Participant: 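Would you mind keeping the following structure in view while I ask a few things?
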Amino acid sequence: MAEVRPDGEPDDLTDPERRMWAAYRTGGVCDFSARSADRDDPHAGAAWGPERSVRARTVALLLLHGPGPVPGRVASLKLRGARITGRLDLSGGTVEPYVELQSCRFDGEIQLSETRFGTLRLVNCAIPRLDAARLHTTGDLHLPRCRVARGIRLTDAQIGTDLLISEAVVQRDTKGRSVAADGMSVAQDFQGELLRTYGEVSLRGAKVGVSMSLRGARLSNPYGRRALNAPQLTVERTLYLTSIAQAYTAGDFDSSSTPPYGLGLTPARGQRAQHFECLGGLRLDDGRFGDAVDFYGARFLLTEDQEVSLRRIHTPELRFVGERPELGRVVVSGARVVKLVDTSTSWPGPGRVSLEGFGYENLAPRGHFPFARRLEWLEAATTEYSPEPYERLAAVLRASGEDADAREVLLAKQRRRRALLPPVPRAWARLQDWTVGYGYRPGRAALWMAVLWAAGALLFSLHAPPEPIKAAEHPDWNAPLFALDLLLPVIDLGQQDQWNLKGGWQWGAATLVILGWILATTVAAGASRMLRRG
């Protein structure tokens, strides 16, 4: 066992470790960089020799049982360009000093299970694996621009302020997950802008206290069903799965610095942008989002059996304004939204949308969204007839004062329903459509009545005054009034029962009576339907 000097420094430290030990006591940066871009890149293949190597067990000794600071200084571990050999294991420990490692290379995995930190920043580091299940920080956890070969585990971790993994590249672990963060809690912001993952990102039951941003991220999982699996995710403000302004790139800043906050903005219209891409299914079922879920410019590359699943989410605003998925499905069944912001080109085609039970109160289409395309949207979502999506859209249109469009939606619903009826009811339904548009086009009733009255008046004007039924009591023969009396099945104008028609004239009168009853019945059925919906 190595001897320990009175100041706590072990006797077996290497020269780089003594430099690190001394810098720790003063809170200064211990820089092992070679001042060469090629040689200092932790992700490149250049070998890093013993002159810049420190052992993981020495780092652990400093962080868990390090010496006191030089008077007037605050002890902290700040390394740049170091190679950490061995496995860094701080499991179950409490790390009080501030820790920041920039452009470092780890030979073994980092084990932080149930470790307590103040703030931990690993910037642009090469890490085989990071296991930080049940990690607890009172400050930030930063992993920007890091490359992790076998996944990040943050299951049930508690981050006291912000989690930052922007521009990181994370490969999958043995279970196919690149980021496993089920049950994680982040007190403030979760920023993963320009993140690249190659495995499932699992955030089941995670909670974010402010906003969560994956602007410009590329989540890919060719090995499984979902690229983002986040049922019951809670974000108190907005979830951004959007494009990012292309002006915000890694090249604008020093690769060893922490990406600045607030610059990764959703691009303005017409501005060059990098898409948020999801190569695999996306699942946000039962999520709660305090302000909005934003898909501006999002691109989904799905297989036939994959979904963008938003079942039963609750949010004041859903901005579904990304690119139309060519394959797979978009499911918003049971979701509850106050405002739906979408475009005519953001939804997939027939059989690839599910709106059953989708509740929304306002429509705010972005750009031109023709009403005919809105009806196509409903038809695409109801390959098997379902009345509820039609009734929901009609109610929203009626509430916004667009009564004519609301009636068109309900008329389209009746036409879809008609295809499922047996032959006789289908014929009756078609007649209702032709005559009065199921009651949603009442003007047709007046038009048909006028046509039939004119035809009847013309027909009976060719008839000489017929023989009255009662010779002593009869009005003057009036062909237009007689035709109108036949057409109106309830009102008696005193003509129909006063004249005795014979031969073919009786058939003409009977035809007008039958057509009058059919017309009145369809008008009554349509009126009662409108009253029920009203």
Side-chain angles (χ1 to χ4, degrees), residues 14 16-17 19-20 29-60 62-63 77-90 99-113 115 117 119-132 135 140-154 163-174 177-181 191-199 201 217-218 220 249-251 253-259:
T14 63
E17 290 172 348
R19 287 178 56 192
M20 177 180 68
V29 177
C30 185
D31 191 351
F32 294 104
S33 301
R35 302 296 189 272
S36 168
D38 293 336
R39 294 181 61 193
D40 287 335
D41 184 356
H43 315 297
W48 287 8
E51 72 282 357
R52 58 193 305 178
S53 299
V54 296
R55 291 169 293 179
R57 65 182 180 87
T58 306
V59 174
L62 266 182
L63 294 178
L77 181 62
K78 300 176 182 176
L79 294 179
R80 180 176 296 149
R83 174 190 175 195
I84 294 89
T85 63
R87 178 171 177 263
L88 179 60
D89 190 349
L90 303 174
V99 181
E100 181 171 324
L101 281 68
Q102 299 180 6
S103 299
C104 292
R105 180 184 292 174
F106 290 81
D107 286 355
E109 72 174 53
I110 304 175
Q111 178 58 253
L112 304 179
S113 298
T115 308
F117 273 91
T119 289
L120 173 62
R121 290 194 171 101
L122 304 176
V123 181
N124 192 40
C125 293
I127 304 170
R129 174 169 170 77
L130 174 60
D131 190 338
L135 170 73
D140 298 338
L141 174 61
H142 286 188
L143 304 167
R145 303 191 183 98
C146 287
R147 295 189 185 181
V148 186
R150 298 194 304 275
I152 296 173
R153 186 181 180 210
L154 289 168
L163 172 61
L164 177 65
I165 56 174
S166 297
E167 301 176 61
V169 179
V170 188
Q171 303 290 338
R172 60 177 176 145
D173 61 15
T174 56
R177 295 175 298 185
S178 56
V179 179
Q191 295 195 30
E193 294 164 355
L194 298 171
L195 172 68
R196 298 291 181 269
T197 61
Y198 299 90
V201 176
R218 189 176 192 269
S220 174
T249 62
F253 310 103
D254 180 359
S255 64
S256 64
S257 67
T258 298

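Starting from 1, each residue takes its place in the sequence as its number. Basis for what follows: all heavy atoms, side chains included, without hydrogens, waters or symmetry-related copies. These numbers come from a predicted model, not from an experiment.
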Participant: I'd like to know whether L154 forms a side chain to side chain contact (heavy atoms under 4.5 Å, CB included) with L141, so could you lay out the CA-CA distance, the side-chain angles of the two residues, the decisive distance to 0.1 Å, and finally the verdict.
Facilitator: CA-CA 11 Å; L154 289 168; L141 174 61; 3.9 Å; yes
Participant: Is W48 reaching over with its side chain to a backbone N or O of R39, donor-acceptor style, under 3.5 angstrom?
Facilitator: yes
Participant: Quick one: does T115's side chain have a donor or acceptor within less than 3.5 Å of a partner on L90's backbone?
Facilitator: yes
Participant: With R121, which of D140, L164, V99 fulfils side-chain contact (heavy atoms from CB on, under 4.5 Å)?
Facilitator: D140
Participant: Hey, what do you get for CZ (R19) to CD (E51), rounding to the nearest 0.5 Å?
Facilitator: 10.0 Å
Participant: Using modelled atom types only, decide if a donor and an acceptor are shared between the side chain of R177 and the backbone of R153 within a distance under 3.5 Å.
Facilitator: no
Participant: Between Q111 (side chain only) and R87 (backbone N and O only), is there a donor and an acceptor less than 3.5 Å apart?
Facilitator: no
Participant: Of all the heavy-atom pairs spanning P50 and P16, show the shortest one and how long it is.
Facilitator: O-CG, 3.3 Å
Participant: Minimum heavy-atom separation for L130 and V148, please, with both atom names.
Facilitator: N-CG1, 4.1 Å
Participant: Given 3.5 Å as the limit, does a donor-acceptor pair link the side chain of R150 with the main chain of R129, or not?
Facilitator: no
Participant: Run S166 and L194 through side chain to side chain contact (heavy atoms under 4.5 Å, CB included) and show every step you take.
Facilitator: CA-CA 6 Å; S166 297; L194 298 171; 5.9 Å; no
Participant: Under 3.5 Å, is there a donor-acceptor pair between the side chain of R52 and the main chain of G81?
Facilitator: yes
Participant: Between CG of L88 and CZ of R55, what distance do you get to the nearest 0.5 Å?
Facilitator: 13.5 Å
Participant: Quick one: CG on L77 to CG on L62, what's the gap to the nearest 0.5 Å?
Facilitator: 6.5 Å
Participant: Distance check, rounded to the nearest 0.5 Å: L143 atom CG versus N124 atom CG?
Facilitator: 12.0 Å
Participant: Between the main-chain N or O of A37 and the side-chain N or O of D41, is there a donor-acceptor pair closer than 3.5 Å?
Facilitator: no
Participant: Taking it one step at a time, do S36 and D38 satisfy side-chain hydrogen bond (donor to acceptor under 3.5 Å, both in side chains)?
Facilitator: CA-CA 6 Å; S36 168; D38 293 336; 5.2 Å; no
Participant: Do you know the tightest heavy-atom contact between P42 and A126?
Facilitator: O-CB, 3.5 Å
Participant: For G192 versus A217, what's the shortest heavy-atom pair and its separation?
Facilitator: O-CB, 3.8 Å
Participant: Identify which one of Q102, K78, E100 satisfies the side-chain contact (heavy atoms from CB on, under 4.5 Å) criterion when paired with V29.
Facilitator: K78
Participant: State the CZ-OG distance between R196 and S178, to the nearest 0.5 angstrom.
Facilitator: 12.5 Å
Participant: Any sub-3.5 Å donor-acceptor pair from D40's side-chain atoms to R35's backbone N or O?
Facilitator: yes
Participant: Might you work through the side chain to side chain contact (heavy atoms under 4.5 Å, CB included) test for L101 and V59, ending with a clear yes or no?
Facilitator: CA-CA 11 Å; L101 281 68; V59 174; 5.7 Å; no
Participant: Below 4.5 Å, heavy atoms only, C-beta onward: do I165 and V170 meet side chain to side chain?
Facilitator: no
Participant: Hey, mind stepping through Q171 and Y198 against side chain to side chain contact (heavy atoms under 4.5 Å, CB included) and telling me if it holds?
Facilitator: CA-CA 5 Å; Q171 303 290 338; Y198 299 90; 3.4 Å; yes
Participant: How far does CG of L122 sit from OG of S103, to the nearest 0.5 angstrom?
Facilitator: 11.5 Å
Participant: Can you check whether E167's main-chain N or O pairs, donor with acceptor, with R145's side chain at less than 3.5 Å?
Facilitator: no
